[in-house]
Amino acid sequence: MQLASSPTRQAHFHSPSSERDIDAAFASFVQQRINALFVSADAFFQNQRDQLVALAARHAMPAIYALPELAAAGGLMSYGPSQTNVYRHVGVYTGRVLKGEKPSDLPVLQPTKFNLVINLKTAKALGLDVPPTLLARADEVIE
């Protein structure tokens, strides 16, 4: 987890690198009365999605994830760059390099399309009401 916020609105950062570290981070969150969680996009977190979602549910902690797969696995919501667009750009850049362009000559691109996924089942389990205006903006709503 890269960011969690506490009732005092201070940010607390954790960078776990093992399953045990994730358990310890959540124990720390509970002890510090952390009230929400943001999980950044990371291959390790993607692989540990079931553990992350289960711990957030067990501790009734609303969590937003950068990867939509975590919302689909039962997380509250995800907001992050469109993976389809990211992969499309990777393909375009790969083609340009294969045609002879130097990678160092290619511009660095920033994501321009972001996706919002909201899991209403999880929101209901947490006792949260999602405003209709937010639901209307969502790219996907899991019911």
Side-chain angles (χ1 to χ4, degrees), residues 1-98 101 103-143:
M1 282 68 50
Q2 291 297 320
L3 173 69
S5 66
S6 71
T8 60
R9 297 181 190 248
Q10 291 179 312
H12 299 271
F13 296 89
H14 291 269
S15 296
S17 58
S18 70
E19 289 181 38
R20 187 177 303 169
D21 290 347
I22 292 173
D23 289 332
F26 270 90
S28 172
F29 297 157
V30 169
Q31 183 180 41
Q32 296 174 42
R33 296 186 177 149
I34 301 295
N35 59 5
L37 176 68
F38 173 77
V39 179
S40 64
D42 183 285
F44 173 69
F45 296 146
Q46 171 74 0
N47 289 332
Q48 300 302 321
R49 68 179 166 259
D50 293 334
Q51 180 187 15
L52 290 166
V53 169
L55 284 166
R58 181 180 313 141
H59 297 293
M61 185 177 295
I64 184 169
Y65 305 90
L67 298 171
E69 293 84 3
L70 282 96
L76 176 60
M77 64 177 61
S78 69
Y79 183 73
S82 164
Q83 296 300 300
T84 303
N85 277 0
V86 169
Y87 293 136
R88 185 178 60 77
H89 286 299
V90 168
V92 169
Y93 270 37
T94 301
R96 289 174 69 176
V97 169
L98 290 174
E101 288 189 56
S104 61
D105 292 340
L106 297 174
V108 175
L109 297 177
Q110 294 291 327
T112 57
K113 178 163 177 26
F114 292 79
N115 288 334
L116 172 63
V117 178
I118 300 172
N119 189 323
L120 285 179
K121 286 193 281 189
T122 302
K124 183 178 179 182
L126 291 169
L128 300 174
D129 291 323
V130 180
T133 53
L134 186 59
L135 289 172
R137 290 179 171 249
D139 295 287
E140 181 182 352
V141 176
I142 300 168
E143 296 193 50

Quick one: pull up [atom1] in [X] and [atom2] in [Y] and give me the separation to the nearest 0.5 Å.
X      : Y      : atom1 : atom2 : result
Lys124 : Asn119 : NZ    : CG    : 12.5 Å
Met77  : Leu120 : CE    : CG    : 9.0 Å
Phe45  : Ser15  : CZ    : OG    : 6.5 Å
Leu98  : Arg96  : CG    : CZ    : 12.5 Å
Ile64  : Leu37  : CD1   : CG    : 10.0 Å
Met61  : Leu76  : CE    : CG    : 12.5 Å

Does any N or O in the side chain of [X] come within less than 3.5 Å of the main-chain N or O of [Y], such that one atom is a donor and the other an acceptor?
X     : Y      : result
Gln48 : Gln46  : no
Tyr93 : Pro107 : yes
Ser78 : Ala71  : no
Thr94 : Val90  : yes

For this session: Step through the shown structure and confirm whether more than 12 heavy atoms of other residues, nucleotides or ligands are within 6.0 Å of CG on Asp129.
Result: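 12 or below, so no.
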Problem set entry | Heavy-atom neighbours of Lys121 NZ exceed 12 at 6.0 Å |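 Counting other residues, nucleotides and ligands, NZ of Lys121 stays at 12 neighbours or fewer.
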For this session: Quick one: which residue pairs count as a side-chain hydrogen bond (donor to acceptor under 3.5 Å, both in side chains) with a foot in residues 130-143, not counting sequence neighbours?
Result: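 side-chain hydrogen bond (donor to acceptor under 3.5 Å, both in side chains) check on residues 130-143 returns no pairs.
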Are [X] and [Y] close enough that some pair of their side-chain heavy atoms sits under 4.5 Å apart?
X      : Y      : answer
Ile142 : Ile118 : no
Leu70  : Val117 : no
Thr122 : Leu128 : no
Pro111 : Asn85  : no

Closest approach of [X] to [Y] (non-hydrogen atoms, all atoms of both residues):
X     : Y     : result
Phe44 : Ser17 : CZ-C, 3.6 Å
Pro81 : Val86 : CB-CG2, 4.2 Å
Ser40 : Ala66 : C-CB, 3.8 Å
Pro16 : Asp21 : CB-CB, 3.4 Å

For this session: List the steps and the verdict of side-chain contact (heavy atoms from CB on, under 4.5 Å) for Leu67 and Arg49.
Result: CA-CA 10 Å; Leu67 298 171; Arg49 68 179 166 259; over 6 Å; no
Problem set entry | With sequence neighbours excluded, residues passing side chain to side chain contact (heavy atoms under 4.5 Å, CB included) with Pro103 |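 If we apply the side chain to side chain contact (heavy atoms under 4.5 Å, CB included) test to Pro103, skipping adjacent residues, the hits are Val97.
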Problem set entry | With Leu55 via side chain to side chain contact (heavy atoms under 4.5 Å, CB included) - residues at least two apart |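 Applying side chain to side chain contact (heavy atoms under 4.5 Å, CB included) to Leu55 gives Ile22, Asp23, Phe26, Gln51, Arg58, His59.
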